[in-house]
*Asks:* 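There's a structure below that I have some questions on.
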Amino acid sequence: MKNIDKFDFTNKKVITRVDFNVPLNDDFEITDDTRIRAAIPTIRKVLNSGGSVILMSHLGRPKNGPEHKFSLQHLVPELSKQLGVNVQFADDCIGDQAAEKAGNLKAGQVLLLENLRFYKEETKGDEEFAKKLASLADVYINDAFGTAHRAHASTAIIAKFFPENKMFGYVMNNELININKVVKEGKKPVTAILGGAKVSGKIEIINNLIDKVDNLLIGGGMMFTFIVALGGEVGNSLVEDDLIETAKEAMKKAEENNVCFHIPTDAVIADKFDNDANQKFCNSHEIPKGWMGLDIGPETGQVFRDIIESSETILWNGPMGVFEMDNFAQGTIEVAHAIADATKNGAFSLIGGGDSVAAINKFKLQDDVSYVSTGGGAMLEFIEGKTLPGVAAIEE
Ligand code: AMP
């Protein structure tokens with residue numbers, strides 16, 4: 001594995017897997033350019049060091065071959081603007097035109113290939129397809145952390161054609177460094193705050209974190225499965241009956257590992273799943289029939305705040321309640337502000353996983369935490385302790 005900062009890119013053609021899966025409106029305009037902005041430093045690094053860049057990505061979920069709405073051509077103007085370079089485009093990611101355009105690339109130039117997922121070979125991890133992509137370049141960079149948990153042709157398989165010349169880009173490097181700051185090198189006390197709808201999506205993370213953290217704070221819909229496991233009454237709250245035993249085991253494992261496992265003591269309950277429902281505070285273990293818990297209560301919010309503020313390392317994944325509805329957002333707001341305050345006082349905080357990222361952005365606190373992961377599924381699998389094919393392919 002090579003280091004992007006030490007590699008000599010002079011006259012090298014560098015095929016770079018980026019995550020350009022950006023949202024487009026009906027006029028094919030980019031509505032959120034975060035992913036494009038994230039990829040710029042790696043591209044600039046290669047260009048400034050005398051190389052040329054061949055960019056490849058997926059966009060959306062095309063079903064059967066090319067579809068205009070999923071064409072990466074829509075990104076060319078914005079990408080050219082952000083790079084200050086006239087980005088060329090190949091309307092097929094493999095084949096004669098791509099080979100000719102890649103062959104003619106001069107140092108400092110950029111070629112964007114058409115959507116990789118117009119070929120089903122991409123997601124199947126087809127080796128012949130990966131070989132055709134590899135034939136366009138001398139060097140391979142993977143900078144698409146968001147797809148690192150997939151063994152696709154462009155994210156993992158292609159690496160074998162560059163045994164000497166493969167490396168991570170800056171997005172990948174940053175993600176791995178920052179996630180490892182929590183998972184491998186977390187300064188104590190380490191606190192993980194897990195919320196969101198269901199235990200089923202989070203149980204592997206809980207199990208993997210139990211021997212790494214000092215505090216586990218549970219919120220969101222999944223707290224009710226734990227409360228039922230403890231013998232509480234939760235009314236109509238979200239419960240996964242088939243995971244009650246699993247919840248019991250997780251709490252037992254936490255106790256054996258001296259991890260403080262915090263289940264909320266109070267909740268905001270509502271008589272229907274609606275922002276305008278009748279609502280009140282209630283002991284979270286005594287929710288009346290006909291009512292459901294949609295947020296953590298103020299007592300829990302204060303306990304969580306105190307723990308977060310006395311932590312050195314904080315991981316947050318998943319909202320504390322139905323934060324999309326203003327009347328059930330308070331617990332999530334409280335946690336987000338407590339994390340921002342702890343960060344101001346020197347703690348390291350990592351926010352990851354779709355809805356907590358959406359929440360931190362909604363409350364405009366994204367610049368007040370240490371790191372916001374762009375990884376989604378990849379980040380969750382990494383925290384679960386799984387090997388990411390996109391990472392392993394570069395490291396091996
Ligand atoms: P996840 O994708 O598993 O992180 O779940 C995020 C979703 O969980 C958000 O859309 C929240 O609205 C939802 N959620 C959080 N708390 C609750 C709750 N108490 N009851 C039902 N849904 C919840």
Side-chain angles (χ1 to χ4, degrees), residues 146 149 192-209 216-230 232-243 246-247 250 262-288 290-301 304 315-336 339 350-363 372-384:
H149 56 319
I193 310 141
L194 299 176
K198 294 185 171 174
V199 183
S200 44
K202 304 285 156 77
I203 192 66
E204 289 185 68
I205 301 180
I206 295 175
N207 284 334
N208 193 46
L209 286 178
L216 252 175
L217 313 186
I218 302 289
M222 71 176 184
M223 70 193 210
F224 300 106
T225 301
F226 287 96
I227 292 173
V228 171
L230 290 169
E233 296 288 338
V234 299
N236 292 358
S237 307
L238 199 64
V239 173
E240 288 168 280
D241 289 328
D242 52 335
L243 286 175
T246 312
H262 293 270
I263 307 293
T265 50
D266 63 341
V268 182
I269 59 171
D271 59 356
K272 56 181 175 186
F273 192 81
D274 190 331
N275 191 43
D276 300 323
N278 292 311
Q279 55 168 298
K280 54 185 177 183
F281 300 131
C282 156
N283 179 324
S284 56
H285 295 243
E286 293 171 5
I287 299 177
W291 291 75
M292 62 183 87
L294 295 183
D295 196 7
I296 58 171
E299 184 182 281
T300 304
F304 282 13
L315 165 71
W316 180 29
N317 171 272
M320 297 293 98
V322 185
F323 76 103
E324 300 92 334
M325 298 183 197
D326 288 344
N327 288 334
F328 308 108
Q330 198 49 44
T332 307
I333 292 174
E334 180 77 15
V335 159
I339 296 172
L350 170 71
I351 318 300
D355 276 314
S356 19
V357 176
I360 205 93
N361 288 339
K362 184 173 171 186
F363 310 143
V372 179
S373 171
T374 57
M379 183 213 153
L380 297 186
E381 289 199 16
F382 196 71
I383 294 179
E384 283 165 14

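As the structure lists them, so they are numbered: ligands from 1, and atoms in each ligand from 1.
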*Asks:* Just need the protein heavy atom nearest to atom 12 (O) of ligand 1, so name the residue and atom and give the distance.
*Replies:*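 I find the closest protein heavy atom is E324 OE1, 2.7 Å.
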*Asks:* Do me a favour and list the nearest non-hydrogen protein atom to atom 6 (C) of ligand 1 with residue, atom name and distance?
*Replies:* D355 OD2, 3.0 Å
*Asks:* Any idea which atoms of ligand 1 are less than 4.0 Å away from a heavy-atom of L294?
*Replies:*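 By the 4.0 Å cutoff, the relevant atoms are 19 (N), 20 (N).
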*Asks:* Stepwise, does the side-chain contact (heavy atoms from CB on, under 4.5 Å) test hold for V239 with T225?
*Replies:* CA-CA 5 Å; V239 173; T225 301; 4.2 Å; yes
*Asks:* Ignoring hydrogens and angles, tell me if any N or O in the side chain of S284 forms a donor-acceptor pair with the backbone of P264 under 3.5 Å.
*Replies:*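 Confirmed, S284 side chain pairs with P264 backbone.
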*Asks:* Show me which atoms of ligand 1 lie under 4.0 Å from any heavy atom of G196.
*Replies:* 1 (P), 3 (O), 4 (O), 5 (O), 6 (C), 8 (O)
*Asks:* Students should be able to answer this: which protein heavy-atom is nearest to atom 17 (C) of ligand 1, and at what distance?
*Replies:* G221 N, 3.3 Å
*Asks:* Considering the heavy atoms of G293, write down every atom of ligand 1 situated less than 4.0 Å from one of them.
*Replies:* 18 (C), 19 (N), 20 (N)
*Asks:* Using heavy atoms and a 4.0 Å limit, tell me yes or no: is F328 in contact with ligand 1?
*Replies:* no
*Asks:* Distance to 0.1 Å, residue and atom name: give those for the protein heavy atom nearest to atom 3 (O) of ligand 1.
*Replies:* A197 N, 3.2 Å
*Asks:* Do side-chain atoms of N208 reach the backbone of I383 as a donor and acceptor pair under 3.5 angstrom?
*Replies:* yes
*Asks:* Could you measure the distance from the CG atom of L194 to the CG atom of L315? Nearest 0.5 Å is fine.
*Replies:* 6.5 Å
*Asks:* Atom 4 (O) of ligand 1: which protein heavy atom is closest, and how many Å away?
*Replies:*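 Result for atom 4 (O) of ligand 1: K202 NZ, 3.1 Å.
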*Asks:* Could you tell me whether the side chain of W316 and the main chain of G318 form a donor-acceptor pair under 3.5 Å?
*Replies:* yes
*Asks:* Show me the pairs that pass salt bridge (Lys or Arg N to Asp or Glu O under 4.0 Å) and involve residues 195-209, at least two apart or across chains.
*Replies:* E204-K386
*Asks:* Measure the distance from atom 22 (N) of ligand 1 to every protein heavy atom, then report the residue, atom name and distance (to 0.1 Å) of the closest one.
*Replies:* V322 CG2, 3.7 Å
*Asks:* Tell me if the CD atom of E233 is crowded by more than 12 foreign heavy atoms within 6.0 Å.
*Replies:* no
*Asks:* Please check this pair: side chain of E299 against backbone of T265, looking for a donor-acceptor N/O pair closer than 3.5 Å.
*Replies:*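 Side chain of E299 to backbone of T265, a donor-acceptor pair under 3.5 Å: no, none is there.
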*Asks:* Quick check on contacts: which atoms of ligand 1 are under 4.0 angstrom from a heavy atom of F224?
*Replies:*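 Near F224, meaning under 4.0 Å from one of its heavy atoms, ligand 1 has 19 (N).
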